[in-house]
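Counting convention: from 1, in listed order, for ligands and their atoms alike.
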Amino acid sequence: MASHDARRVDASDGHAVVVGASIAGLLAGRVLADTFAEVTVLDRDPLPDERIVRRGVPQANHVHALLEPGRVILEDLFPGYGDELREAGGLVIDGSTQLDLYQQGDFLADAEKRLPFYCASRPLFEQITRRRVAGHERITLRGECHVTDYVADGGGAGDSRDGVRVTGVEIAADAGETTLDADLVVDATGRTSRTPDWLRRHGYRAPETETVGVDLAYSTVAVERRPSEAQGYLIVPSPPVTRGGTAVPVEGDRWIVTVFGRHGDHPPGDSEGLKAFAASLPTPEIRDLLEERSWVTDEVRQYPFPASKRRYYEDLGRFPDGLLVTGDAIASFNPIYGQGMSVAALDALALHHALAGGRGDLGPRFFELASETLDVVWQMTVGSDFAYSQTDGEKPRGTDLRNRYLSWVVDAAHADSYVAERFVRVLRLEESPSALLRPGVLWRVAAAAIGR
Ligand SMILES: Cc1cc2nc3c(=O)[nH]c(=O)nc-3n(C[C@H](O)[C@H](O)[C@H](O)COP(=O)(O)OP(=O)(O)OC[C@H]3O[C@@H](n4cnc5c(N)ncnc54)[C@H](O)[C@@H]3O)c2cc1C
């Protein structure tokens, strides 16, 4: 998708309201401010200018990797984002030589080129993004505003010409219930979005929802890091092994260390159990961090993630005017692949391009554009998950064949820098999976397979 270019979006009238001030809502708010005179981003949580784990985003306790599209779009929307991250103690490391990726029995070779990778806690990513959005002259951020309903005109059943138009939101705030008028409402409320129910209640079809069960759980702590240390680790399990882990250097001279297990192999919530779980991983790096470094947090934070979920809004023939849905509210992915924030950023970019085409029929045009990326990411995620026979859901056609080829790619990437770089760039959502089928990769993968 082409980069953000504010000159492609003209006009500056109307009021847009975004419900949810997490990553997807903040980024949607920023691109809406190119064309709406006024944008209000609401959240039911307080929104202080602090680095906090908000109640509405409990996943913020856990490792959050920012993949390449997220990094690039954040830099485009907020120039100097990386500098600000570094000033706050975040790191920009080489996502190859400084991020050791273990998969299928060995570490991957270093890539030939440098792959910039921002390392920060999720609260820091959110704080910088929130601060930049709050500083925009057309955007107002409002915390402690629980949106209870959309306000709508017209419609019910019938075709799109006499359908419903969303004209605002109902808010339960401290001061009592109020209404906020809007020309456009964007639902960025995450996985638990209630838009599908609302559509049903107003005579529309709800989107088909696909779930792919992985029965995953995370356990996370932070440990001390010497300022000179900037190495990250990612241990990816391959069937039949169900457990893995990661450690990412972040601000505050800490590593955030997360271990995870899928298909019911959940890591424990006590410190000794956590260390024992880490000791069962195939390489010692994460175990050593947990054993040898002081823990900055004494509480082990846990997070269960039962299933990836995708709602196919692009397949709805009719959709109310004045309403959009973005981020996890459309699709939320198995978090071990680190895609959610980057997909939210790609959704914002799709919204920017949809707005460049005017405001008419915005919903269907936006969903169609967003689905182009979602299709690719969804297939990567659930494809990898279906390498496990325990994964629950509809396996996309061709998955077994793709997974067999991918396992050859990984084997070749243990020793071949060129293949390793292509593979890592695909994981980072920087190149399409088809990059792994280019002749230069194919013959190296075949040569490695023959040589074994
Ligand atoms: C354990 C875990 C680890 C993850 N790791 C990564 C990772 O490594 N990399 C990555 O990119 N992504 C990761 N993700 C995904 C990432 O957290 C999300 O994709 C990202 O936050 C974008 O989500 P969102 O903004 O759409 O929704 P959310 O982050 O869920 O935010 C929804 C917001 O809406 C607000 N809200 C909800 N209802 C209302 C209402 N009625 N009124 C007002 N406000 C409301 C909430 O308070 C919240 O602020 C992970 C997720 C989990 C669960």
Side-chain angles (χ1 to χ4, degrees), residues 17-29 40-47 52-71 73-74 117-123 125-126 129-130 141-150 169-173 180 185-195 197-198 214 216-220 232 234 246 248 250 256 258-260 267 301-309 311 325-348 370 374 377 381 427-429:
V17 166
V18 182
V19 189
S22 178
I23 298 294
L26 293 171
L27 298 183
T40 309
V41 184
L42 306 170
D43 204 285
R44 59 188 174 195
D45 284 343
L47 299 173
I52 49 166
V53 175
R54 292 185 294 108
R55 207 169 143 203
V57 188
Q59 72 266 34
N61 285 302
H62 302 273
V63 160
H64 265 68
L66 182 69
L67 304 184
E68 190 59 2
R71 189 189 73 79
I73 293 167
L74 283 170
F117 186 64
Y118 289 179
C119 295
S121 69
R122 162 65 192 241
F125 282 126
E126 203 174 294
T129 313
R130 190 163 61 230
L141 279 187
R142 282 179 58 184
E144 297 175 278
C145 290
H146 185 171
V147 171
T148 51
D149 206 351
Y150 305 136
V169 293
E170 295 280 351
I171 303 171
L180 197 59
V185 173
V186 179
D187 172 6
T189 58
R191 258 173 91 84
T192 55
S193 158
R194 291 160 73 178
T195 296
D197 288 342
W198 188 92
V214 289
L216 176 81
Y218 273 30
S219 286
T220 297
L234 175 57
T246 180
V248 175
V250 300
I256 298 185
T258 290
V259 294
F260 56 85
R301 301 285 183 171
Q302 296 189 283
Y303 200 106
F305 185 92
S308 301
K309 192 187 272 193
R311 298 182 173 115
V325 184
T326 188
D328 279 19
I330 308 182
S332 79
F333 303 90
N334 179 341
I336 68 172
Y337 307 108
Q339 296 156 330
M341 297 191 294
S342 295
V343 170
L346 285 160
D347 285 352
L374 289 171
V377 180
T381 304
L427 287 186
R428 287 160 53 93
L429 303 182

Check: At a 4.0 Å threshold, what atoms of ligand 1 neighbour a non-hydrogen atom of G338?
Finding: 7 (C), 8 (O), 9 (N), 10 (C), 11 (O)
Check: Under a 4.5 Å cut-off applied to non-hydrogen side-chain atoms, are R54 and D43 in contact?
Finding: yes
Next item on the list: Mind checking whether V19 contacts ligand 1 via backbone (N, CA, C, O), side chain (CB onward), both or neither, at a 4.0 Å heavy-atom cut-off?
Entry: side chain
Note to self: Measuring from atom CG of D347 to atom CD1 of I23, what distance do you get when rounded to the nearest 0.5 angstrom?
What the structure shows: 12.5 Å
Notebook entry, point to check: Is ligand 1 under 4.0 Å from a heavy atom in the side chain of R55, in the backbone, in both, or in neither?
Noted result: neither
Notebook entry, point to check: Please state which protein non-hydrogen atom is closest to atom 3 (C) of ligand 1 and give its distance, to 0.1 Å?
Noted result: P335 CB, 3.4 Å
Notebook entry, point to check: Counting each atom of ligand 1 from 1 as listed, which ones have a heavy atom of H146 under 4.0 Å away?
Noted result: 40 (C), 41 (N), 42 (N)
Notebook entry, point to check: If you measure from atom 41 (N) of ligand 1 to every heavy atom of D43, L216, V147, which option wins on shortest distance?
Noted result: V147
Item checked: Residue R122 vicinity, atoms of ligand 1 by number, heavy atom under 4.0 Å -> 16 (C), 17 (O), 20 (C), 21 (O), 29 (O)
Item checked: Residue pair N334 / F305: nearest heavy atoms and the distance that separates them -> CA-CE2, 3.6 Å
Check: At their closest point, which heavy atom of A217 faces which heavy atom of P267, and how far apart are they?
Finding: O-CD, 3.4 Å
Item checked: Spacing of OG1 belonging to T326 relative to CG belonging to L27, to within rounding of 0.5 Å -> 8.5 Å
Next item on the list: Would you mind listing which atoms of ligand 1 come within a distance below 4.0 Å of any non-hydrogen atom of G190?
Entry: 27 (O), 30 (O), 32 (C)
Next item on the list: Identify, by atom number and element, the atoms of ligand 1 in contact range of A24, meaning under 4.0 Å from any of its heavy atoms.
Entry: 24 (P), 25 (O), 26 (O)
Margin query: Give me the nearest non-hydrogen protein atom to atom 5 (N) of ligand 1 as residue plus atom name, then the distance to 0.1 Å.
Written below: V63 O, 3.4 Å
Check: Quick one: does D328 get an N or O within less than 3.5 Å of an N or O on ligand 1?
Finding: yes
Checklist line | Donor-acceptor pair between T220 and H62 side chains, under 3.5 angstrom | finding: yes
Note to self: Can you tell me how far apart CZ (R122) and OG (S22) are? Round to the nearest 0.5 Å.
What the structure shows: 4.0 Å
Margin query: Y303 versus ligand 1: do any nitrogen or oxygen atoms come within less than 3.5 Å of each other?
Written below: no
Next item on the list: Just need the protein heavy atom nearest to atom 39 (C) of ligand 1, so name the residue and atom and give the distance.
Entry: T189 CG2, 3.7 Å
Next item on the list: Report the part of R191 in contact with ligand 1, treating N, CA, C, O as backbone and CB onward as side chain, heavy atoms under 4.0 Å; options are side chain, backbone, both, neither.
Entry: neither
Check: Atoms of ligand 1 less than 4.0 Å from M341 heavy atoms?
Finding: 10 (C), 11 (O), 12 (N), 19 (O)
Next item on the list: Run down the list S342, P58, G340 and name the one with the heavy atom closest to atom 12 (N) of ligand 1.
Entry: G340
Check: What part of D45, side chain, backbone, both or neither, has a heavy atom within less than 4.0 angstrom of ligand 1?
Finding: side chain
Check: Quick check: does R44 get an N/O under 3.5 Å from an N/O on ligand 1?
Finding: yes
Notebook entry, point to check: Got a second to check how far S332's OG is from Q339's CD, nearest 0.5 Å?
Noted result: 11.0 Å
Item checked: Sub-4.0 Å heavy-atom approach of C145 to ligand 1 -> yes
Check: Where's the contact between A60 and ligand 1, heavy-atom distance under 4.0 Å: side chain, backbone, both or neither?
Finding: neither
Checklist line | Shortest non-hydrogen separation from E126 to L26 and the atoms involved | finding: O-CD1, 4.3 Å
Item checked: Nearest non-hydrogen partners of A307 and R191, listed with the distance -> O-NH1, 2.8 Å
Note to self: In the structure I gave you, are the side-chain heavy atoms of R194 and D187 within less than 4.5 Å of one another anywhere?
What the structure shows: no
Notebook entry, point to check: Just heavy atoms, cut-off under 4.0 Å: does A188 contact ligand 1 by side chain, backbone, both, or neither?
Noted result: backbone
Next item on the list: Begin with the C-alpha distance, continue with both residues' side-chain angles, and end with the deciding distance and a verdict on side-chain contact (heavy atoms from CB on, under 4.5 Å) for Y337 and V377.
Entry: CA-CA 10 Å; Y337 307 108; V377 180; over 6 Å; no
Next item on the list: Using distance alone, determine whether A344 and ligand 1 share an N or O pair under 3.5 Å.
Entry: no
Checklist line | Minimal non-hydrogen separation, A331 against L374, with atom names | finding: CB-CD2, 3.9 Å
Note to self: Counting non-hydrogen protein atoms only, what is the nearest one to atom 29 (O) of ligand 1? Give residue, atom name and distance.
What the structure shows: S22 OG, 2.7 Å
Check: So do the side chains of R428 and F117 get within less than 4.5 Å of each other, counting heavy atoms only?
Finding: yes
Notebook entry, point to check: Is there side-chain contact between R301 and V53, with heavy atoms separated by less than 4.5 Å?
Noted result: no
Checklist line | ligand 1 N/O within reach of R54 N/O, cut-off under 3.5 Å | finding: yes
Note to self: When you compare the side chain of V41 with that of L47, does any pair of heavy atoms fall below 4.5 Å?
What the structure shows: no
Notebook entry, point to check: Would you say A329 and ligand 1 have an N/O pair spaced under 3.5 Å apart?
Noted result: no
Next item on the list: Any atoms of ligand 1 less than 4.0 Å from a non-hydrogen atom of G56? List them with their elements.
Entry: 47 (O), 48 (C)
Margin query: I'd like to know whether N61 forms a side-chain contact (heavy atoms from CB on, under 4.5 Å) with Y303, so could you lay out the CA-CA distance, the side-chain angles of the two residues, the decisive distance to 0.1 Å, and finally the verdict.
Written below: CA-CA 9 Å; N61 285 302; Y303 200 106; over 6 Å; no
Item checked: Distance from atom 52 (C) of ligand 1 to nearest protein heavy atom, with residue and atom -> Q59 CB, 3.4 Å
Next item on the list: Note the single closest protein heavy atom to atom 8 (O) of ligand 1, along with its residue, its atom name and the distance in Å.
Entry: A65 N, 2.7 Å
Next item on the list: Could you see which bit of V57 sits under 4.0 Å from ligand 1, with heavy atoms only: side chain, backbone, both or neither?
Entry: side chain
Notebook entry, point to check: Under a 4.0 Å heavy-atom limit, does H64 contact ligand 1 with its side chain, its backbone, both, or neither?
Noted result: both
Check: Which heavy atom of A172 sits nearest a heavy atom of T148, and at what distance?
Finding: CB-CG2, 3.9 Å
Checklist line | Proximal atoms of ligand 1 relative to G327 (non-hydrogen, under 4.0 Å) | finding: 26 (O)
